[in-house]
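Each remark here refers to the structure printed beneath this line.
Side chains included, hydrogens not; waters and symmetry mates left out as well; all remaining heavy atoms used.
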Amino acid sequence: MLRELSIKNFAIIEDLTVGFVEGLTVLTGETGAGKSIIIDAVQLLAGGRGSQEFIRHGAKKAELEGLFGISSENHSAYQKCAEAGIEIEEGMVILRRDLNDNGKSVCRVNGKLVPLSILREIGATLIDVHGQHESQELMDDKRHISLLDQFAGADIDPLKERYSEEYSAYRELKKELAAISLGEQQVAQKIDLFSFQIKEIDACQFRAGEEEELAEERRRLMNFNKIYERSNTAHEAILGESRGLDWIGQAMTDLEEVATLDQDFREHSDNVSAAFYSLQEAAFQIKNILDDLEFNPERLNEVEQRLALIQSMKRKYGATLEDILTYREKIGEELESLINRDENMQKNEQQLNDLKEKLLLTAEKLTEVRKKSGRKLSDAIMQQLRALYMEKADFSVHFEPIAADQFDHNGLDRIVFYIATNVGEPPKPLTKIASGGELSRMMLALKTIFSSTNGITSIIFDEVDTGVSGRVAQAIAEKISAISMHSQVLCISHLPQVAAMADHHYYIKKHEEAHRTVTSLTEIFDNARIDEISRMMSGAEVTELTFRHAKELVEIANGRKKVMTI
């Protein structure tokens, strides 16, 4: 759940830090006070689209930070964080996002810099924001199948995993088959091209690492004179008459004699002796190399030609000699496949047919599970809609037929939610006939059904109760409260019925300080809370009668919460 939210220089909010707890938290206040700004901040923390317009006037950047607590190690946030190399300690996840005035944003999760896409993936496991204009899942019938599968849960997950593996293998094999199912002319052209390239590369007889060896040999040949002169001078300096080694030999003899007389010289005598023999050995080795050194201008020309050939082939077949050899191996396999394409095609077609049969069987099982779950989902939604005073509605999960060879990543099912909201009318696609108020109640029904199973730690409702009143308002209030029994719920509302059901009530107020507009957030209790609910019921003026009504509404709400079940 969202434990703490910190907002700095965001819209009209200069500096705001607020803590949240479990249950239903309702935020109320006058229109324009900044209620939705807080929801905007949470959405941005969850990876929503940012803009420079969010930065408070005169500030360089806006800073948003949220602390989330996760009670179970099985929560999907652990997996998402692990995939991104982020550690979660003591079940705490800190999301941070800075919006800069240059239009860029900086995102962090538990202090680690992450791209916006990773922040969005992790945020989606922690926060579910639903506003009055945000019923995309219901208004996009392509997403209805994912909602049904989410409801089916463990009954369908193993089947979906198996189908996904089979479908990936089927697509890969089909792609391979298409690659070799070329026209005769294209096949002949490819065979000629690959044959020529293989012959050209093989004629060069390249070896791995050859280019580096040739470059080293060319360097030695081009610097032959300098190598010979300097090594010969070094040899003469060591072994030449009356040169270095003679003097060191004399020093060695003298020190050996001294060491027999004074043990303090023993170590120095041994060091000089070791140096003498090392220099002597080095001199012998240098002499052997000098004897073998021979300048060969023809060999230098051969090396230059070989390196030029390598450069020419690199321009055609790869950035390095290893790339050329890898390319040779690749086209060799492709050439063999093309030459034997009839045999390969027959083999692949048989494998493709076998895979297709397996796919169809798994897809049929998916359909069977989905139809069973569809009936359960319809019953569950109808039960929720009756509690939301849509008892006349008729909801169903409609399966549209798909040809057996038109399966996709979901199987053979195209699922659309159908509803009839009035008696005597035939069910039609939800996306075509539902009104805004009906969509809000549909979404609340789904949230109620899914709240105990989807693992989301915080659900946020932004004025989803707009445009309703009376008993429907009370029903919506009770549904939101019921959802908060399984997930922390933050709700912005103008309905006194919703405010009365709150476990925690915050009042948002806008005022001026030093000729600037600022927003403050205060938790209210007891009479202050009843005063606010009275204002929501009557408008600007709070009377003794509205105060009594508000108090009674709170008492009734407390009684309902004690006996409420989801």
Side-chain angles (χ1 to χ4, degrees), residues 12-13 16 18-39 130-132 387-390 435-438 440-441 444 459-485 488-513 517-564:
I12 61 174
I13 298 177
L16 176 66
V18 58
F20 296 105
V21 292
E22 295 177 348
L24 172 59
T25 297
V26 173
L27 289 77
T28 65
E30 296 288 353
T31 301
K35 300 185 296 298
S36 292
I37 293 173
I38 293 175
I39 304 304
H130 178 64
Q132 55 181 319
L388 289 166
Y389 296 101
M390 288 181 68
S435 66
E438 290 166 342
S440 293
R441 281 182 275 177
L444 274 175
I459 298 175
I460 298 175
F461 293 111
D462 184 10
E463 299 186 6
V464 295
D465 47 26
T466 299
V468 298
S469 59
R471 63 177 188 171
V472 174
Q474 182 61 42
I476 285 178
E478 292 181 13
K479 277 300 167 201
I480 293 174
S481 179
I483 293 171
S484 72
M485 294 169 63
Q488 178 195 48
V489 173
L490 307 180
C491 182
I492 289 177
S493 179
H494 290 289
L495 287 180
Q497 292 93 332
V498 174
M501 295 294 293
D503 299 308
H504 309 279
H505 191 156
Y506 283 86
Y507 178 66
I508 302 175
K509 183 172 69 173
K510 181 173 66 175
H511 58 281
E512 290 186 11
E513 286 184 9
T517 300
V518 296
T519 292
S520 62
L521 183 66
T522 307
E523 187 170 7
I524 54 178
F525 307 91
D526 303 328
N527 286 344
R529 182 183 173 210
I530 295 174
D531 280 339
E532 170 61 6
I533 295 174
S534 298
R535 181 197 61 78
M536 297 171 72
M537 295 173 68
S538 63
E541 185 176 349
V542 177
T543 66
E544 184 179 347
L545 182 60
T546 57
F547 184 88
R548 288 203 307 269
H549 285 172
K551 186 175 182 179
E552 182 182 13
L553 188 62
V554 172
E555 291 173 352
I556 292 172
N558 290 337
R560 289 180 181 274
K561 286 194 289 185
K562 289 179 181 179
V563 298
M564 184 180 296

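Using modelled atom types, no side-chain atom of S481 and backbone atom of E478 make a donor-acceptor pair closer than 3.5 Å.
The structure places OG1 of T543 at 8.5 Å from NE2 of H549, a figure rounded to the nearest 0.5 Å. Rounding to the nearest 0.5 Å places CD1 of I13 at 5.5 Å from OG1 of T519. A distance of 11.5 Å separates OG1 of T546 from CZ of R535, quoted to the nearest 0.5 Å. The CG atom of N558 sits 10.0 Å away from atom CG of L553, with the distance rounded to the nearest 0.5 Å. Of the inter-residue distances, the one linking K551 atom NZ with N527 atom CG reads 7.0 Å to the nearest 0.5 angstrom. Of the inter-residue distances, the one linking I492 atom CD1 with I508 atom CD1 reads 5.5 Å to the nearest 0.5 angstrom.
Considering all non-hydrogen atoms of both residues, G23 and S484 come closest at C-CB, 3.7 Å. Among all heavy-atom pairs drawn from G19 and Y506, the shortest one is O-OH, 2.9 Å. Looking at every heavy atom in both residues, V26 comes nearest to A502 through CG2-CB, 3.4 Å. Taking every heavy atom of both residues into account, S493 and M536 meet most closely at O-CE, 3.8 Å. Smallest separation of non-hydrogen atoms from M501 and A557: SD-CB, 3.4 Å. Closest non-hydrogen pair, A387 versus A475, comes out as O-CB, 3.2 Å.
Atom CD of E552 has 12 or fewer heavy atoms from other residues, nucleotides or ligands within 6.0 Å.
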Could you check I480 against I476 for side chain to side chain contact (heavy atoms under 4.5 Å, CB included), going step by step and ending with a plain yes or no? CA-CA 6 Å; I480 293 174; I476 285 178; 3.8 Å; yes

Test side chain to side chain contact (heavy atoms under 4.5 Å, CB included) applied to T28 and H505, step by step: CA-CA 8 Å; T28 65; H505 191 156; 2.8 Å; yes

Quick one: do V472 and L388 satisfy side chain to side chain contact (heavy atoms under 4.5 Å, CB included)? Show the steps, please. CA-CA 6 Å; V472 174; L388 289 166; over 6 Å; no

Show your reasoning for whether side chain to side chain contact (heavy atoms under 4.5 Å, CB included) applies to I38 and L16. CA-CA 10 Å; I38 293 175; L16 176 66; 4.2 Å; yes

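Y507 pairs with exactly one of I524, D531, L27, L521 by the side-chain contact (heavy atoms from CB on, under 4.5 Å) rule, that one being I524.
The existence of a salt bridge linking E544 and R548 is confirmed by a sub-4.0 Å separation between a basic side-chain nitrogen and an acidic carboxylate oxygen. Taking the charged nitrogens against the carboxylate oxygens, E532 and R529 have no contact shorter than 4.0 Å, which rules out a salt bridge.
A salt bridge (Lys or Arg N to Asp or Glu O under 4.0 Å) check over residues 497-507, counting only residues at least two apart or in different chains, returns the pairs D503-K561.
Side-chain contact between F461 and V498 is absent, with no heavy-atom pair separated by less than 4.5 Å.
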